[in-house]
Amino acid sequence: MQFTYVNPTQIYFGQQQIAAITQAIPRQHKVLIIYGGGSIKHNGVYQQVVDALQEHTWLEFSGVEPNPTKETLDKAVAIVKQQEIDFILAVGGGSVIDGSKYVAAAAKHSGDGWDIMLGKHRVTDATPIGAILTLPATGSESNSGAVITKAATQDKLSFLSPYVQPKFAVMDPDVMKTLPERQLVNGLVDAWVHICEQYLTYPTQAMVQDGYAEALLKNLLVLGKDFAQRDNDAWRANLMWTANQALNGLIGSGVPQDWATHMIGHELTALWQVDHARSLAIVQPALLRNQLAAKKAKLEQMGQRVFNLAPSEDLALRTIDAIEAFYHQLNVDTQFSAPDMTAEQAVDKVIEQLEVHGMVALGEHQAITLEQSRDILTQAFI
Ligand code: NZQ
Ligand code: ZN
């Protein structure tokens with residue numbers, strides 16, 4: 001086990017915490033508030049932000065779409081450059097926060113922001129960001145990753161940089177009250193898969209990472225079972241904190257990580273606008289069955305410790321079935337039919353995109369080649 005770990009994002013957790021931004025953003029900073037399609041105008045979040053920034057100078061940029069596009073975000077980049085913005089306040093879900101990270105990094109680059117996504121420009125500076133989270137799912141509020149789409153070419157790519165990690169994240173569970181059921185379910189599933197990507201690999205005797213990952217998985221199982229109780233302060237707070245801890249760097253420190261489900265899932269979102277979490281539920285069960293031998297020991301551990309399954313020869317497979325049943329219980333599909341084409345044509349399309357994006361050796365052993373991905377997609381597409 002060898003790693004360095006820091007999570008420098010200051011967390012303001014709890015009801016009424018939006019007011020904390022008055023102090024968290026230096027008074028002399030010129031702020032750009034970035035948000036999405038307007039949900040924050042209907043749940044009082046926008047008003048709370050305006051109230052908190054009474055003494056600040058600020059501008060706003062709205063219209064960041066789910067699965068944010070470079071095409072939209074480049075307009076915000078131009079504003080940050082022209083208006084000499086010194087602080088970006090992202091108010092929204094993963095899409096708004098990721099989009100703000102791209103804007104923050106691209107604003108310090110003289111060329112096309114997409115260079116960052118292609119690895120042609122290494123980020124060495126960014127406008128500082130703060131986040132007000134409105135949808136617990138991605139962990140983007142306190143991590144250094146972002147996933148951006150170029151609509152013109154249907155490329156959905158990610159970048160990581162410590163420079164874009166938010167300085168602070170406000171997590172007030174009350175803001176979740178207006179979330180549609182679909183988005184709450186997405187949050188549960190996305191957080192679940194984030195934990196799996198860092199846990200379901202092979203045993204390394206990392207007791208802290210395994211034990212904490214298992215605790216978080218058990219939380220999500222309980223929250224899923226208690227989904228009917230979701231209009232409840234404790235339910236909301238527990239989902240918000242669990243989803244944050246699932247991808248804040250801690251459980252992934254010093255252990256092997258997979259991320260193949262995410263890389264393949266991103267292609268489904270880019271091609272057919274499948275919600276991010278739902279793309280994962282489609283890919284993951286088939287991927288786990290494909291990788292059964294390599295992941296057997298960890299699947300068995302998860303089966304016993306998370307699902308309380310009794311040991312047996314086929315425990316690893318039963319664990320995958322239990323994961324799939326968890327998605328089905330939440331009414332999340334684990335199979336996919338692409339519109340207007342056969343399953344075979346759809347598989348070909350994804351394979352083509354994976355190849356273009358260099359996703360030809362995925363997973364903790366780089367063992368998921370295009371051939372394996374083809375097998376996985378063939379199982380998942382109908
Ligand atoms: O745009 P608005 O009007 O705000 O509506 C949003 C959007 O339509 C709505 N919403 C958010 N908070 C709400 C609300 N509606 C009512 N009340 C509220 N309180 O929800 C819709 C979806 O929002 P979005 O931000 O797209 O969802 P999510 O948080 O699931 O983010 C998904 C994006 O994050 C990326 C995904 O690829 C995808 O692009 N990811 C980012 C990661 C990271 N940075 O670490 C990791 C993840 O694996 C993921 O890939
Ligand atoms: Zn995810």
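Every heavy atom of this structure was used, including side-chain atoms; hydrogens, water molecules and symmetry mates were not. Every number for a ligand or one of its atoms is a count from 1 in the order of the listing. We're numbering straight along the sequence, starting at 1. Being a predicted model, the structure only gives us computed values, none of them experimental.
The N/O atoms of Lys101, backbone and side chain alike, include none that comes under 3.5 Å of an N/O atom in ligand 1. Every N/O-N/O distance between Trp259 and ligand 1 stays at or above 3.5 Å. Checked against a 3.5 angstrom limit, the closest N/O atoms of Gly38 and ligand 1 fall inside it. Close N/O approach between Gly94 and ligand 1 is found [any backbone or side-chain N/O within under 3.5 Å]. The shortest N or O to N or O distance between Gly37 and ligand 1 is under 3.5 Å. Polar contact check, Gly145 against ligand 1: a nitrogen or oxygen pair lies under 3.5 Å apart. For ligand 1, the polar-atom distance check against Val175 finds a nitrogen or oxygen pair separated by under 3.5 Å.
Looking at atom 45 (O) of ligand 1, its nearest protein heavy atom turns out to be Asn143 ND2, 2.9 Å. The nearest heavy-atom contact from the protein to atom 4 (O) of ligand 1 is Ser39 OG, 2.7 Å. Of the protein's non-hydrogen atoms, Lys156 NZ, 2.9 Å is the one closest to atom 39 (O) of ligand 1. Among protein heavy atoms, the minimum distance from atom 25 (O) of ligand 1 is reached at Ser95 N, 2.9 Å. Looking from atom 23 (O) of ligand 1 to the surrounding protein, the closest heavy atom is Leu135 CD1, 3.4 Å. In this structure, atom 44 (N) of ligand 1 lies nearest to the protein heavy atom Asp98 OD1, 2.7 Å. Atom 34 (O) of ligand 1 has Thr138 CG2, 3.4 Å as its closest protein atom, hydrogens excluded (heavy atom only). The protein non-hydrogen atom at the shortest distance from atom 36 (C) of ligand 1 is His276 CG, 3.7 Å.
His194 NE2 to Thr261 OG1: the interatomic distance, rounded to the nearest 0.5 Å, is 10.5 Å. One finds the CG atom of Leu280 at 12.5 Å from the OG1 atom of Thr334 (value rounded to the nearest 0.5 Å). Remark: Ile116 CD1 to Ile148 CD1 distance equals 9.5 Å, nearest 0.5 Å. Atom CD1 of residue Ile21 and atom CG of residue Leu53 lie 4.0 Å apart, to the nearest 0.5 angstrom.
Side chain of Asp258 to main chain of Thr201: no donor-acceptor pair is present (N/O by atom type, distance under 3.5 Å, no hydrogens or angles). A side-chain donor-acceptor contact under 3.5 Å links Thr9 to the backbone of Pro166.
At a 4.0 Å heavy-atom cut-off, ligand 1 touches His194 through the side chain alone. Contact annotation: for Lys177 versus ligand 1, there are no heavy atoms closer than 4.0 Å. In Asn43, the part holding a heavy atom less than 4.0 Å from any atom of ligand 1 is the side chain.
Summary: OD1 is the N/O/S atom of Asp190 found nearest to the Zn ion (ligand 2). Take the N/O/S atoms of His262: the one nearest the Zn ion (ligand 2) is NE2.
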Any chance you could lay out the ring pair (Phe, Tyr, Trp, His ring centres under 6.0 Å) test for Phe87 and His56, step after step, and finish with the verdict?
CA-CA 11 Å; Phe87 197 93; His56 288 73; 8.7 Å; no

Steps toward side chain to side chain contact (heavy atoms under 4.5 Å, CB included) verdict (Ile323, Met302):
CA-CA 10 Å; Ile323 294 171; Met302 181 175 177; 3.8 Å; yes

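Using a 3.5 Å distance cut-off with no hydrogens or angles, the side chains of Ser279 and His266 do not pair a donor with an acceptor. Side-chain atoms of Asn67 and Gln273 include no donor-acceptor pair closer than 3.5 Å.
We find that Arg318 and Asp321 are not joined by a salt bridge, their nearest charged nitrogen and carboxylate oxygen being 4.0 Å or further apart.
Between Phe326 and Trp192, the ring planes are tilted. Angles from 30° to 60° get that label. Ring pair His109/His121 is parallel by interplanar angle, where below 30° counts as parallel and above 60° as perpendicular.
Atom 6 (C) of ligand 1 lies below 4.0 Å from none of the non-hydrogen atoms of the protein.
Close approach of ligand 1 to Pro66 (heavy-atom distance below 4.0 Å) involves ligand atoms 7 (C), 8 (O), 26 (O).
Nearest residue to atom 12 (N) of ligand 1 from Thr261, Leu280, Thr134, Asp190 is Thr134 (criterion: closest heavy atom).
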